[in-house]
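The block underneath contains the structure these notes are about, expressed in structure tokens.
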Amino acid sequence: MKKKLLLLTVLLAYILHASAQQSIVKDSLEQFVAEKVESMQALIGLDDKQAYKLKELELNFLLDVNDAENCFWCRTKKRVEKLKVKKQEKLKEILSHDQFIKYDALENNKIKKHPIYMN
């Protein structure tokens with residue numbers, strides 16, 4: 001009986017610890033996505049509805065990538081590439097063509113976010 005109780009306690013502690021780590025990761029990703037979308041909204045000119053959808057898309061993408069990287073049996077690179085393609089398709093649905101081009105350029109560091117001004 002004592003062994004079962006001890007085993008149950010250890011299992012419960014492990015589950016609580018794992019869920020606490022997931023919560024920390026999710027909170028930090030939510031904060032990162034909120035800041036990213038806020039800056040993109042100012043640079044690209046997104047409306048509130050587009051910004052909300054973009055936040056959801058980015059957060060789900062990052063959580064899925066995190067899950068893929070922590071999956072022991074998965075082919076991480078292949079899974080992440082599929083997630084990137086899926087994200088691009090959904091971005092095209094959310095953003096207009098011009099907004100998508102600007103977003104892609106900013107995302108892939110093709111243009112600078114803060115231009116250098118000459119005096």
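Starting from 1, each residue takes its place in the sequence as its number. The shown structure was predicted, so the numbers you read here are calculated from the model rather than taken from an experiment.
A salt bridge is absent between Glu93 and Lys53; no separation between the charged side-chain nitrogens and carboxylate oxygens falls under 4.0 Å. A salt bridge is absent between Glu81 and Lys78; no separation between the charged side-chain nitrogens and carboxylate oxygens falls under 4.0 Å.
Residue Ile94 comes nearest to Gln50 through the heavy atom pair O-NE2, 3.2 Å, listed as atom of the first residue, atom of the second, then distance. Annotation for Val65 and Leu83: closest pair N-CD1, 3.8 Å, computed over non-hydrogen atoms. Across every non-hydrogen atom of Val80 and Ala68, the tightest pair is CG2-CB, 4.2 Å. Residues Glu30 and Leu59 come closest through the heavy atom pair CG-CD2, 3.6 Å.
Considering CG of Asp67 and CG of Leu62, their distance stands at 11.0 Å, rounded to 0.5 Å. Note: Asp98 CG to Ile44 CD1 = 10.5 Å, rounded to the nearest 0.5 Å.
Counting non-hydrogen atoms of neighbouring residues, nucleotides and ligands closer than 6.0 angstrom, the CD atom of Glu38 reaches no more than 12 such neighbours.
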TODO: Would you please test Asp104 and Asn108 for side-chain hydrogen bond (donor to acceptor under 3.5 Å, both in side chains) and show each step?
DONE: CA-CA 6 Å; Asp104 186 51; Asn108 296 320; 2.7 Å; yes
- [ ] Could you walk me through whether Asp47 and Gln41 pass side-chain hydrogen bond (donor to acceptor under 3.5 Å, both in side chains), step by step?
- [x] CA-CA 7 Å; Asp47 61 15; Gln41 189 173 11; over 6 Å; no
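With hydrophobic clusters built from ILVMFWY side chains whose heavy atoms lie under 4.5 angstrom apart, Leu43 shares a cluster with Tyr103.
Not one N or O on the side chain of Glu69 forms a donor-acceptor pair closer than 3.5 Å with the backbone of Asn66. Distance alone, capped at 3.5 Å, is enough to place a donor-acceptor pair between the Gln99 side chain and the Ser96 backbone.
When side chains are defined from C-beta on, Phe61 does not count as touching Lys86, because their heavy atoms never get closer than 4.5 Å. Side chains of Leu57 and Lys87 form a contact here, defined as non-hydrogen atoms less than 4.5 Å apart. Between Glu107 and Lys36 there is a side-chain heavy-atom pair separated by less than 4.5 Å. Taking 4.5 Å as the limit, some side-chain heavy atom of Leu46 sits within range of a side-chain heavy atom of Leu95. Between Phe32 and Glu58 the shortest side-chain heavy-atom distance does not fall below 4.5 Å.
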